[in-house]
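In what follows, a structure is listed as structure tokens, so that the remarks can point back to it.
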Amino acid sequence: MALPKFFLGEMTWPEIREVVKEDRVAVVPVATYEDHGHHLPIDTDVLLCTEVCRRTAERFREEIVLVPPITHGYSPHHMDFPGTLTIDGHTFINYVLDICKSLAHHGFKRILLVNGHGSNTPFLEVAARLTIIETEGKVLCGAVNYWALGKVRQVAAQIRETELGGMSHACEFETSLYLALKPELVDMSKATREMSYPSKSLVTDLTGGRPPDASHLVMMPYWSTFSSSGVRGDATKATREKGEKFLAAAIEGLIELVREVRQCPIRPRVDHH
Ligand SMILES: [Zn+2]
């Protein structure tokens with residue numbers, strides 16, 4: 001017997017009508033195209049995020065419907081680097097919201113936006129919240145950064161060689177993952193270390209860690225004001241072996257989260273007027 005399909009784009013509409021009844025989680029990868037140093041292609045966020053989602057969906061196809069990725073996101077602060085493609089913030093929110101509302105219209109009740117680009121984060125949170133509000137609570141929608149999956153954070157803490165701030169952008173983490181996926185496109189002879197954070201409260205790390213005395217400041221200056229190569233962190237510490245461990249952790253972390261979302265009750269609202 002053929003394996004169940006998992007990619008929405010490869011299903012016929014009668015198949016989608018049936019698949020909706022299985023209450024699988026609709027997983028939507030979201031990323032962007034932007035500079036990732038001299039050693040990585042601009043598709044880094046797209047490749048990493050879509051591969052994590054695709055490999056997870058392929059392995060756990062009874063639990064996930066993989067939605068075609070949203071490959072363009074919010075990156076105006078990267079526009080000093082050639083090749084960056086960016087979408088206006090309001091357009092981006094509305095675009096993601098329209099995709100989620102389309103899925104809801106067809107009967108999907110659980111939607112997970114899986115993000116691969118840091119600066120998409122606040123916009124996806126808004127899109128996820130609005131999906132719940134605009135479907136009047138009939139649909140659950142959440143967003144997660146794939147590097148913030150619990151399992152990834154655990155593994156990163158165990159195997160990293162860089163100090164805090166070394167895993168941020170085109171860094172030990174992303175470069176390792178790219179090496180695990182398409183090593184032929186990574187030029188490690190050009191990998192650099194750039195750790196010029198403007199101040200202690202702007203030290204950000206993909207693990208969520210911050211210096212103990214730092215405040216949780218949110219501020220994003222233009223990228224070219226603090227990085228000359230596009231790297232933020234330390235790409236020289238990247239290895240394919242680490243990338244394979246990050247990838248395995250991301251797949252494990254994503255299926256755990258999908259199951260959590262799948263088990264989350266969709267409770268009716270209570271109007272206390
Ligand atoms: Zn990136």
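Values below: all heavy atoms of this structure, side chains included; hydrogens, waters and symmetry mates excluded. This one's a predicted model, so the numbers in the text were calculated from it and none came from an experiment. Ligands are counted one by one from 1 in listed order, and the atoms in each one are counted from 1 as well. FYI, the numbering just counts along the sequence from 1.
The pair Lys109-Asp23 does not meet the salt-bridge criterion, since no charged nitrogen lies less than 4.0 angstrom from a carboxylate oxygen. Ionic pairing of Arg193 and Glu163 is present here: one or more N-O contacts between side-chain nitrogen and carboxylate oxygen are shorter than 4.0 angstrom. In this structure, Glu18 pairs ionically with Lys21, as a charged nitrogen and a carboxylate oxygen lie closer than 4.0 Å. With respect to the salt-bridge test (charged N to carboxylate O, under 4.0 angstrom), the residues Arg24 and Glu62 do not qualify.
Backbone or side-chain N, O or S atoms of Glu174 reach the Zn ion (ligand 1) at under 2.8 Å. Here His36 meets the criterion, with an N, O or S atom under 2.8 Å of the Zn ion (ligand 1).
Among heteroatoms of the N, O or S kind in Asp45, OD1 lies nearest the Zn ion (ligand 1).
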